[in-house]
Amino acid sequence: MKITLKDISHSVAEQPILANINVTLESGQCLLITGRSGSGKSVLFSIICDITRPLQGSVLIDDVDIAAMTALQYARFRRDLGVIFQVSALISNLTLEENLLLPLNRHHSRLSQEEKQQKVREICQQFGLTQYLDQRTDRLSSGLASLAGLARALLMEPKALIWDAPMAQVDRAWCRHELELLKQLKEKGTTLVLCSNRQELITSLADQQLHLGLPDELTLGSEHAAQAQKCQ
Ligand SMILES: Nc1ncnc2c1ncn2[C@@H]1O[C@H](COP(=O)(O)OP(=O)(O)OP(=O)(O)O)[C@@H](O)[C@H]1O
């Protein structure tokens with residue numbers, strides 16, 4: 001999945017947060033969005049996932065503006081983009097299994113219930129989550145909830161994965177595992193957008209880095225607007 005950010009500017013509560021962002025991310029490439037706390041990484045994340053529409057500019061998926069997509073194109077975009085939020089977006093009063101079945105029910109309605117449950121069991125095995133399948137997700141620790149969010153995104157075999165704060169909230173062994181997993185996804189051709197300042201992502205994964213300045217450093221339309229830089 002190719003992702004293009006075209007002249008994106010955005011303000012929150014009349015405070016400019018993002019100014020003139022331009023990025024072209026080809027299929028299979030990795031973009032790392034960096035910046036200090038409060039610089040707008042999560043705001044840009046929500047714009048790329050189309051949770052928020054930017055005040056100016058557009059997001060293009062495979063050269064089609066999200067805002068101009070047909071219903072079918074939009075449904076494919078939603079199916080093919082794996083989204084992992086900084087804070088788990090699991091539905092708290094459902095079990096882990098029920099949570100993981102939701103996207104399959106929505107986007108893979110042709111699979112039988114048994115096939116869907118099998119897929120859920122397989123991914124839970126991969127992430128060491130099998131024993132929590134029948135547990136309500138508000139009873140999972142934040143680390144386990146973060147793994148469950150990752151499992152839910154990968155269950156759909158996304159063409160692109162956007163992840164706000166990977167390698168946070170999990171122990172060092174899982175950090176290494178997540179990095180390895182991201183490398184494998186990239187090798188398979190999955191486009192990656194990661195919001196993080198972790199050095200190992202810059203050195204071993206990113207093709208481009210977009211560094212966001214703090215809002216008070218921004219002047220809309222100025223030369224201070226953030227531009228993606230190629231990583232070595
Ligand atoms: N709903 C909102 N209402 C008001 N201000 C908001 C809202 N969402 C974000 N902001 C402001 O926008 C700015 C950017 O926030 P954002 O969460 O994108 O930063 P971030 O770079 O992701 O930070 P962190 O690394 O701490 O997660 C901050 O000043 C924040 O206070």
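Note that this is a predicted model, so its numbers are computed, not measured.
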Any donor-acceptor pair under 3.5 Å linking the side chain of [X] with the backbone of [Y]?
| X | Y | answer |
| --- | --- | --- |
| Ser27 | Met1 | yes |
| Thr4 | Thr24 | no |
| Ser92 | Asp138 | no |
| Asn22 | Lys6 | no |
| Asp62 | Lys2 | yes |
| Lys41 | Gly35 | yes |
| Gln126 | Ala151 | no |
| Gln86 | Ala165 | no |
| Arg78 | Cys49 | yes |

Check the pair Glu98, Leu102 against side chain to side chain contact (heavy atoms under 4.5 Å, CB included), reporting the backbone distance first and the verdict last. CA-CA 6 Å; Glu98 287 165 340; Leu102 286 175; 6.0 Å; no
Under the side chain to side chain contact (heavy atoms under 4.5 Å, CB included) criterion, do Leu100 and Leu129 qualify, and how do the steps go? CA-CA 11 Å; Leu100 296 179; Leu129 291 167; 5.7 Å; no
Carboxylate-amine/guanidinium proximity below 4.0 Å for Glu157 and Lys188: no
Return each pair, listed once, that meets ring-ring contact (aromatic ring centres under 6.0 Å, His included) where at least one residue sits in residues 69-89; pairs must be two or more places apart or across chains.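 Non-adjacent pairs meeting ring-ring contact (aromatic ring centres under 6.0 Å, His included): Phe45-Phe85, Tyr74-Phe77.
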Within 6.0 Å of [atom1] in [X], more than 12 heavy atoms from elsewhere:
| X | atom1 | value |
| --- | --- | --- |
| Lys159 | NZ | no |
| Gln113 | CD | yes |
| Gln15 | CD | yes |
| Arg76 | CZ | no |

Stepwise, does the side chain to side chain contact (heavy atoms under 4.5 Å, CB included) test hold for Asp50 with Leu81? CA-CA 11 Å; Asp50 199 38; Leu81 180 72; over 6 Å; no
What are the two closest heavy atoms between [X] and [Y], and how far apart are they?
| X | Y | value |
| --- | --- | --- |
| Asn105 | Ser109 | O-CB, 3.7 Å |
| Cys30 | Leu25 | C-CD1, 3.9 Å |
| Ala148 | Leu96 | CB-CD1, 3.6 Å |
| Ile91 | Asn99 | N-OD1, 2.7 Å |
| Asp65 | Ser58 | OD2-CB, 3.5 Å |
| Leu55 | His10 | N-ND1, 3.2 Å |

Find out if a path of hydrophobic residues (ILVMFWY) with successive side-chain heavy-atom gaps under 4.5 Å connects Ile202 to Leu161. yes
Distance alone, cut at 3.5 Å: any donor-acceptor contact between the side chains of Glu122 and Gln118? yes
Worked verdict on Val193 versus Leu44 for side chain to side chain contact (heavy atoms under 4.5 Å, CB included): CA-CA 11 Å; Val193 179; Leu44 186 55; over 6 Å; no
